[in-house]
Amino acid sequence: MEDNSGFRPSAGNLDDPPNSRIFLVVSKSLTEDMIRDRFAEFGDIQDIWVVKDRHTKESKGIAFVKYAKSSQACRAMEEMHGRCLGDSSKPIKVLIAQSRGSTSHKEVEDEDLTRIFVMIPKSYTEDDVKSKFKEYGPVEYCSIIKNKNTGESKGLAFVRFERPSHAALAIENCDRSFKAILAEPRNKGSTSESLDYHSSSRQQESMIHEPPAMSMYSYEQYDYSAYDKVGEARNQEGVSKRLTVVSRVPLVQDQLYSLLDLIPGLEFCEVQRDLYSSFSGTRC
DNA sequence: CGACGGGACGC
DNA sequence: CGACGGGACGC
């Protein structure tokens, strides 16, 4: 007895299983065949759809690729995000697509894709949990939910992986008795989204001195190895989520985005002028 | 008789 | 800054 939330039957598998579809931002000249050539190696592609202008039939530079499994979609994202495809020197973006019914086009963040929620025997320690799940990929941490008073396990645990594809592999392949699912983000449902981005102290901001102008676009060496560091970054709860960039060249908003919008989870950028140095600052 | 199904994090 | 077609048949 499923109502499919108003989806038409033929659209029903686009979000099944969850997070098995990727959203691409690519060059307008990239064809469906070129996409298939580069993305088939990550898994069973069920559908490729290059979005085109209804009238001119020109590609809008965005596309969707549906895989059979979430782990395949996640690995395609991890391997292909930031690469240059086709004739364009502009790096492509690869994100997990929002489900079709979603009104928000806010990006799905790695944070939401790397933590799983499992049921475990009450006798398990955190190390026991880790030893069960590390076969799917490096485990950042495990935490068991315990009775606050007695300290006894409630038989529930969170496991945080470093990469979305590893969390997906765990969900797909671990023993069914674990009943593994993706964990809901802890701050789910809070309407006050933009927390204290503005109150973080000035000293916590990292300062990046202007790199050579071209280095921002030397993406050939960008291999998504940021995944190797997300763990330690996330463990510092007090860390600022703001990045300040200093540029000798005056930048306008659009230019700022084109330089920085590859950053996963980027929420906003704004330009600040520094009256004393005539540098332009950037707050993300 | 005899063991299924359940499930959320100290702000 | 970049988000949703084509085709279809069980109740």
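Chain naming here is simple, since letters A, B, ... match the order of the sequence lines and numbering starts at 1 in each.
- The CG-P distance, from A/L14 to C/dG5, rounds to 11 Å in whole Å.
- Side-chain to base pairing of A/K93 with C/dG2: one donor and one acceptor N or O lie within less than 3.5 Å of each other.
- Between A/K57 and A/I62, the one whose closest nucleotide on DNA chain C sits nearer the 5' end is A/I62.
- Residue A/I181 is classed as a base contact, given a heavy-atom separation below 4.0 Å to a base.
- Residues A/Y141 and A/M119 are members of separate hydrophobic clusters, defined by side-chain heavy-atom contacts under 4.5 angstrom among Ile, Leu, Val, Met, Phe, Trp and Tyr.
- Counting distance only, with no hydrogens placed and no angle test, the side-chain atoms of A/R100 and the base atoms of C/dG5 include a donor-acceptor pair under 3.5 Å.
- Between A/S143 and A/M119, the residue whose closest nucleotide on DNA chain B is further toward the 5' end is A/M119.
- Among the heavy atoms of the strands lying under 4.0 Å from A/K179 is at least one base atom, whether or not backbone atoms are also near.
- Between the CD atom of A/Q46 and the C1' atom of C/dG5 there is a distance of 16 Å, given to the nearest Å.
- Only one option out of A/L182, A/V159, A/I171, A/I145 pairs with A/F117 in a side chain to side chain contact (heavy atoms under 4.5 Å, CB included); it is A/I145.
- Distance A/F23 CZ to C/dG5 P: 13 Å, rounded to the nearest Å.
- Of all the heavy atoms in A/Y136 and A/C174, the pair that sits closest is OH-CA, 3.2 Å.
- Between the C1' atom of B/dG5 and the CZ atom of A/R176 lies a distance of 14 Å, rounded to the nearest Å.
- Between A/I144 and A/A180, the residue anchored nearer the 5' end of DNA chain B, judged by the nucleotide with its closest heavy atom, is A/A180.
- Closest to the side chain of A/L156, out of C/dG2, B/dG10, B/dG7, is B/dG7.
- Comment: A/E140 does not engage A/R163 in a salt bridge, judged by the lack of any side-chain N to carboxylate O separation of less than 4.0 angstrom.
- Per the geometry, CD1 belonging to A/I92 stands 13 Å off C1' belonging to C/dG2, to the nearest Å.
- The nearest whole Å value for the distance from the CD1 atom in A/I145 to the P atom in B/dG7 is 11 Å.
- C/dG6 atom P lies 13 Å from atom CD of A/E32, rounded to whole Å.
- Within the nucleic acid shown, A/V118 comes within 4.0 Å of at least one base atom, counting heavy atoms only.
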request  = Check the pair A/E111, A/R160 against salt bridge (charged side-chain N to carboxylate O under 4.0 Å, His left out), reporting the backbone distance first and the verdict last.
outcome  = CA-CA 9 Å; A/E111 179 109 7; A/R160 173 80 74 177; 3.6 Å; yes

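- What separates NZ of A/K146 from P of B/dG7 is a distance of 20 Å, to the nearest Å.
- For A/F117 and B/dA8, the ring-to-base geometry satisfies the stacking test (centroid distance below 5.5 Å, interplanar angle below 30°).
- The base of B/dC9 is paired with the side chain of A/R115 by a donor and an acceptor separated by under 3.5 Å.
- A/K52 has no carboxylate O lying under 4.0 Å from a charged side-chain N of A/E32, or vice versa, which leaves the two without a salt bridge.
- For the pair A/F158 and B/dA8, the ring geometry does not qualify as stacking, because the centroid separation below 5.5 Å and plane angle under 30° are not jointly satisfied.
- For A/R186 against B/dC11, a side-chain-to-base donor-acceptor contact under 3.5 Å is absent.
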